[in-house]
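FYI, the numbering just counts along the sequence from 1. Remember, it's 1-based here, ligands and their atoms both numbered in the order they're listed.
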Amino acid sequence: MNYQSILNEIQNEIKPLFKQGQVANYIPALAKANPNDFAMSLITLDGEEYNIGSYEKKFSIQSISKVFTFTLALKNYSKELYKRVGHEPSGDPFNSLVQLEYENGIPRNPFINAGAIATTDTLLSLYKDDTFKKVLEFIKETSMQDDIIFNENIYHSELEHGFRNLALINLMKSFKNIKNNTEDVIQTYFKQCSIMMNTKQLAKSMLYLANHGINPKNNERLINESQAKRINSLMLTCGHYDASGDFAYRVGLPGKSGVGGGIVAIVPKKMAISVYSPKLNEKGNSLIGTKALELFTTKTGLSIF
Ligand code: GLU
């Protein structure tokens, strides 16, 4: 299959959509993104790479970081982790407080904010002051890139406006589902959200999930096969908040989005894909990114179904 010409076709076909959607503005630093940016990268397990658009341009990975922290926590805690965070779709927005109250402070899944925050809290119990360093190291390892850092501006902008996330932390703390200091939890969570990567690096960083837990670049096993299966399953059912069903319906691949405009998706046993376009739909997922992935699976027949 000629993937490069498929990417070219996609870039052409998404053009009319640039009028739609809105760049995230509830975190002021994110509102500065260029609404016309578009990038898409695809990397196969045997190392073929295809890119289009501004694929070298870094953006904040936001909720895509939840895939890495969930992987690390699952690797360390195995099934014990599910005492602190569930594995069901939430059907609620990413930062919702309501469900958390009536479900006694146990978030539905690790890909909504509350679940990701509880997951980061489990890592803080393990790695203490080194937690963010460990998360960053893990991302460097999976993407095989050394130059990955977080963006101080975005981080501070999130801290200054993180009222809902603080509320989630405090609510979970009242149910004893946050064990560490509130400040440490919020700071680590916002640092992981403001990590900067481009689509090329992100696609590479997801290859272990397309390859049963083994990084195909160096044959290193990062997690076991069953853990890789579970992470992919959760990406399919919970990776796009309350639009997860819609994403599965349209794209048919496990994926995870972030409000920075990035999306990662996995074609099991074949490849990892990443898309970037900062204008979001009303559910907080990249509008053009979702469309580009829908076009990709339609044109290639490479959905999991
Ligand atoms: N830092 C963002 C927040 O907590 C992440 C949300 C997202 O990417 O969906 O609000």
Side-chain angles (χ1 to χ4, degrees), residues 21-33 58-70 85 89-97 99-100 107-121 132 135-136 139 150-172 178 182-197 199 202 205-206 234-235 237-244 246-247 255-265 274-287 289-290:
Q22 228 191 343
V23 171
N25 55 14
Y26 76 103
I27 302 168
L30 293 186
K32 293 182 189 144
K58 294 187 178 182
F59 54 91
S60 70
I61 65 172
Q62 295 294 328
S63 282
I64 298 172
S65 66
K66 296 169 181 174
V67 179
F68 301 115
T69 46
F70 179 51
V85 57
S90 70
D92 273 333
F94 67 99
N95 55 5
S96 169
L97 283 144
Q99 202 168 48
L100 199 55
R108 275 282 173 104
N109 68 67
F111 294 151
I112 48 173
N113 284 13
I117 290 169
T119 305
T120 295
D121 184 62
F132 181 66
V135 173
L136 211 49
I139 297 177
F150 75 101
N151 180 305
E152 295 270 356
N153 264 344
I154 297 177
Y155 165 66
H156 286 292
S157 186
E158 294 213 51
L159 263 187
E160 279 158 32
H161 297 86
F163 311 115
R164 289 192 78 89
N165 287 316
L166 260 182
L168 291 170
I169 295 176
N170 281 311
L171 187 56
M172 286 191 283
I178 290 289
T182 305
E183 289 299 297
D184 291 342
V185 178
I186 194 113
Q187 287 173 9
T188 311
Y189 172 70
F190 283 147
K191 275 186 191 162
Q192 76 181 59
C193 289
S194 49
I195 288 172
M196 304 295 284
M197 291 171 80
T199 54
L202 275 170
S205 74
M206 289 290 142
L234 284 191
M235 283 169 73
T237 55
C238 312
H240 286 74
Y241 318 117
D242 46 341
S244 297
D246 187 56
F247 185 85
K256 181 75 202 88
S257 70
V259 292
I263 304 182
V264 290
S274 175
V275 203
Y276 171 61
S277 168
K279 284 177 115 182
L280 309 179
N281 60 25
E282 68 288 352
K283 304 283 188 185
N285 302 305
S286 171
L287 190 145
T290 307

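Taking the six-membered ring for Trp and the full ring otherwise, the centers of Phe247 and Phe111 sit at least 6.0 Å from each other.
Under 4.0 angstrom from ligand 1, the non-hydrogen atoms of Asn165 all belong to its side chain.
Heavy-atom separations between Asn95 and ligand 1 are all 4.0 Å or longer.
Within ligand 1, counting atoms from 1 as listed, the ones closer than 4.0 Å to a heavy atom of Tyr189 are 3 (C), 4 (O), 5 (C). Distances below 4.0 Å separate heavy atoms of Gly258 from the following atoms of ligand 1: 8 (O). Those atoms of ligand 1 that come under 4.0 Å of a heavy atom in Glu158, given as number and element, are 1 (N), 2 (C). Residue contact check: Phe94 has heavy atoms under 4.0 Å from atoms 6 (C), 9 (O), 10 (O) of ligand 1. Heavy-atom proximity to Tyr241, at under 4.0 Å, picks out these atoms of ligand 1: 7 (C), 8 (O), 9 (O).
Looking at Thr69, its side chain does come within 3.5 Å of a backbone N or O of Ser65 through a donor-acceptor pair. Under a 3.5 Å cut-off, the side chain of Ser157 and the backbone N or O of Ile154 do not form any donor-acceptor pair. Side-chain N or O atoms of Asn153 include none that pairs as donor or acceptor with a backbone N or O of His156 at under 3.5 Å.
Distances between N or O atoms of Ser63 and those of ligand 1 include at least one value under 3.5 Å. Close N/O approach between Ile27 and ligand 1 is not found [any backbone or side-chain N/O within under 3.5 Å].
In this structure, Leu280 and Ala24 approach most closely via the heavy-atom pair CD1-CB, 3.7 Å. When all heavy atoms of Ser286 and Gly261 are compared, the closest pair comes out as CB-O, 3.4 Å.
With sequence neighbours left out, Phe190 forms a ring pair (Phe, Tyr, Trp, His ring centres under 6.0 Å) with no residue at all.
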